[in-house]
Every structure is written in structure tokens, then in C-alpha cells.
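Here the structure comes first, spelled out in C-alpha cells, and everything after it is commentary.
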Amino acid sequence: MKKTTLFAALIAMFAFASCSSDSNQQQADATEEHDHEHHDGMAHGDNVPAAGTVVVETPAFDSVAEPMKNNLSQLLDEYITLKDAMVESDADAAKEAANTVLNSANAMPVASLEVPEQKTFAEEQVEKVRTSAAAIAATNDLGEQRNQLEDLSEAVFSLTKAFGATDQKVYYQHCPMVNNNQGAYWVSTKSEIRNPYFGSSMLKCGSNEEVIN
């Protein structure tokens with residue numbers, strides 16, 4: 001009788017522990033889902049920062065040689081192709097696009113700039129583009145590629161903004177959850193949020209922080 005009672009007690013304890021574990025897991029899953037929904041809700045679609053909002057400080061060059069502006073406009077388009085490849089979590093396409101960006105950076109006519117301030121600024125930012133693009137092109141690891149995206153994004157945004165390189169609206173977008181919730185930026189020519197750091201797992205997590213043009 002005592003053995004039967006003990007056996008029943010053990011079964012009850014096991015069932016309780018199992019249910020408790022399942023409940024905790026369900027609560028954790030619900031919390032994670034809530035976090036995703038909360039941060040997805042930050043993507044307000046057509047949300048635009050308040051007028052005059054500045055995230056990236058740059059000079060504003062009024063008179064710029066057309067070859068430089070044209071090459072920078074092309075660089076922006078090539079960056080967008082690279083960023084979109086990361087949105088799709090396509091490491092091979094990102095690698096190919098990074099090589100294209102790197103080639104454009106290497107061909108940038110910085111030497112043609114006659115204004116010292118323009119030349120110095122362009123040299124610094126183009127070198128950042130080269131470094132980041134080369135690192136992305138050197139690997140098929142999507143995580144490593146994404147680790148290089150923010151530096152590349154800031155340099156491309158800075159060049160586009162400083163030299164007035166495009167007539168398109170350009171958005172500087174931010175996800176607060178990248179890098180262990182330290183956050184990271186990227187550039188887009190559309191206001192809709194399409195997160196390149198998480199892809200489909202958190203596609204709409206982010207917000208527009210600065211817009212130019």
C-alpha cells in the first residue's frame with residue numbers, strides 16, 4: 001500500500017513539473033511574440049521624422065563636380081541592391097553586390113575635387129565604403145556581412161547627404177534590437193521598413209530617423 005502511494009505521488013510530481021515547464025515555455029514564446037509585434041509596430045510605414053531632424057552630421061557642399069555626384073548616385077543605387085539582398089537573407093547576392101559597391105568606391109573620382117574640404121571628406125568616407133564593402137565581399141557568412149552594414153550605411157548616407165548626390169528621398173532607418181539591443185542604422189529610398197539585419201524574422205522592426213531631399 002505504501003509503495004502504491006509513493007508511486008502515485010511520484011507520478012503526480014512528474015506531471016506537475018512537466019506542466020510547469022510547458023507553461024513557462026508558452027509564456028516565454030508569448031513574450032517573444034509580443035516583443036516582435038511591439039517592435040514591428042515601430043514601423044509606421046510612411047512615418048517621417050520631424051522637419052530638421054539630424055542623425056548624421058555632415059557638411060553641405062553647394063557646388064560639386066557632376067562626375068562626383070553621378071558616381072555617388074550610382075553608389076547609392078548599388079548600396080540599395082546590397083541592402084535588399086540582406087533583407088532577403090541572400091548571402092551570395094550580398095557578396096556580389098558588395099563587390100560592385102567596392103568597384104564603384106575604387107573608381108570614385110575623388111582626385112577631381114578641387115575644394116580641399118570636399119576632397120578630405122570624400123576621401124574619409126569613401127575609404128569607409130571600401131573597408132566595409134571589402135569585408136562583406138570577402139565572406140558568405142550572412143551574420144558577418146550584416147556586422148559590416150552599419151559602417152557602410154553611415155558612409156553612403158553621409159556622402160549622399162553632403163554632396164546632394166540624388167533627387168530621391170533617402171531615409172536613414174534604425175532598428176533598436178540589433179547588436180544586443182544597441183541598435184543599428186541602414187539606408188533606404190523607401191519609407192517602408194524592410195529590416196536588413198533580421199530579414200523575414202523581424203522584417204518591419206525599425207523606424208525612419210532622418211530623411212534627406
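The shown structure was predicted, so the numbers you read here are calculated from the model rather than taken from an experiment.
A 4.5 Å side-chain heavy-atom check between Lys204 and Glu192 finds every atom pair outside the cut-off. Two residues are said to be in side-chain contact when any heavy atoms from C-beta on lie closer than 4.5 Å; Asp151 and Thr131 fail this criterion. Pro109 is listed as a side-chain neighbour of Asn71, based on a closest heavy-atom distance under 4.5 Å. Put simply, the side chain of Ile193 reaches to within 4.5 Å of the side chain of Asn208, judged on heavy atoms. For the pair Lys119/Val110, a side-chain contact is recorded, criterion being any heavy-atom separation below 4.5 Å from C-beta on. A 4.5 Å side-chain heavy-atom check between Asp84 and Glu88 finds every atom pair outside the cut-off. Side-chain atoms of Asn181 and Pro176, non-hydrogen and from C-beta on, never get closer than 4.5 Å to each other.
Residues Cys205 and Met177 approach most closely at SG-SD, 4.1 Å, considering heavy atoms. The shortest heavy-atom contact between Ala98 and Ile136 is CB-CG2, 3.5 Å. Scanning both residues, Ser153 and Val187, for their nearest heavy atoms gives O-CG2, 3.4 Å. In terms of heavy-atom proximity, Ala94 sits nearest to Leu82 at O-CD1, 3.1 Å.
We find the OG-CD distance between Ser132 and Gln145 to be 12.5 Å, quoted to the nearest 0.5 Å. Expressed to the nearest 0.5 Å, how far CD of Glu66 lies from OG of Ser112 amounts to 11.0 Å. Separation of atoms OG (Ser188) and NZ (Lys83) is listed at 4.0 Å; rounding is to 0.5 Å. Note: Asn106 CG to Arg130 CZ = 5.0 Å, rounded to the nearest 0.5 Å. Separation of atoms CE (Met68) and CE (Met108) is listed at 5.5 Å; rounding is to 0.5 Å. The structure places OG1 of Thr58 at 5.5 Å from CZ of Phe121, a figure rounded to the nearest 0.5 Å.
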Evaluate the criterion side-chain contact (heavy atoms from CB on, under 4.5 Å) for residue pair Phe61 and Leu113; output intermediate values, then yes/no. CA-CA 11 Å; Phe61 301 128; Leu113 297 174; over 6 Å; no
Quick one: do Gln148 and Arg146 satisfy side-chain contact (heavy atoms from CB on, under 4.5 Å)? Show the steps, please. CA-CA 5 Å; Gln148 300 295 328; Arg146 284 170 166 162; over 6 Å; no
Audit row: Leu149, Tyr197, side-chain contact (heavy atoms from CB on, under 4.5 Å) steps and yes/no: CA-CA 8 Å; Leu149 183 62; Tyr197 293 103; 3.9 Å; yes
Could you walk me through whether Glu210 and Lys161 pass the salt bridge (charged side-chain N to carboxylate O under 4.0 Å, His left out) check? CA-CA 11 Å; Glu210 183 177 354; Lys161 181 179 178 180; 2.5 Å; yes
Go through Lys95 and Asn140 one step at a time and tell me if the side chain to side chain donor-acceptor pair (under 3.5 Å) criterion holds. CA-CA 7 Å; Lys95 182 174 184 175; Asn140 288 100; 3.3 Å; yes
Determine, stepwise, if the pair Glu154 / Gln125 fulfils side-chain contact (heavy atoms from CB on, under 4.5 Å). CA-CA 9 Å; Glu154 183 177 355; Gln125 299 303 320; 5.6 Å; no
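In this structure, Val115 is not a member of the same hydrophobic cluster as Val126, with clusters built from ILVMFWY side-chain heavy atoms closer than 4.5 Å. With hydrophobic clusters built from ILVMFWY side chains whose heavy atoms lie under 4.5 angstrom apart, Val170 shares a cluster with Val129. Cluster annotation: Val56 is connected to Leu75 through the hydrophobic network of ILVMFWY side chains, with a link wherever side-chain heavy atoms come within less than 4.5 Å. No single ILVMFWY cluster, assembled from side-chain heavy atoms under 4.5 Å apart, contains both Trp186 and Leu102. Under the 4.5 Å side-chain heavy-atom criterion for grouping Ile, Leu, Val, Met, Phe, Trp and Tyr, Leu142 is not connected to Leu203 through any hydrophobic cluster.
Side chain of Asp141 to main chain of Glu144: a donor-acceptor pair is present (N/O by atom type, distance under 3.5 Å, no hydrogens or angles). Put simply, the side chain of Gln173 gets close to the backbone of Ser191: a donor and an acceptor are under 3.5 Å apart.
If you check the side chains of Thr120 and Gln118, you find no donor sitting under 3.5 Å from an acceptor. Checked by atom type, the side-chain pair Glu78/Ser104 shows a donor-acceptor distance below 3.5 Å.
Here Phe198 pairs with nothing under the ring pair (Phe, Tyr, Trp, His ring centres under 6.0 Å) rule; sequence neighbours left out. Residues meeting the ring pair (Phe, Tyr, Trp, His ring centres under 6.0 Å) test with Tyr172, sequence neighbours left out: Phe157, Tyr185.
Surrounding CD of Glu127 are more than 12 heavy atoms belonging to other residues, nucleotides or ligands, all under 6.0 Å away.
Paired with Leu72 under the rule side chain to side chain contact (heavy atoms under 4.5 Å, CB included), one option of Val64, Asp77, Leu159, Thr160 passes, and it is Leu159.
Residue pairs meeting the ring-ring contact (aromatic ring centres under 6.0 Å, His included) criterion with at least one partner in residues 77-104, sequence neighbours excluded, do not occur; the list is empty.
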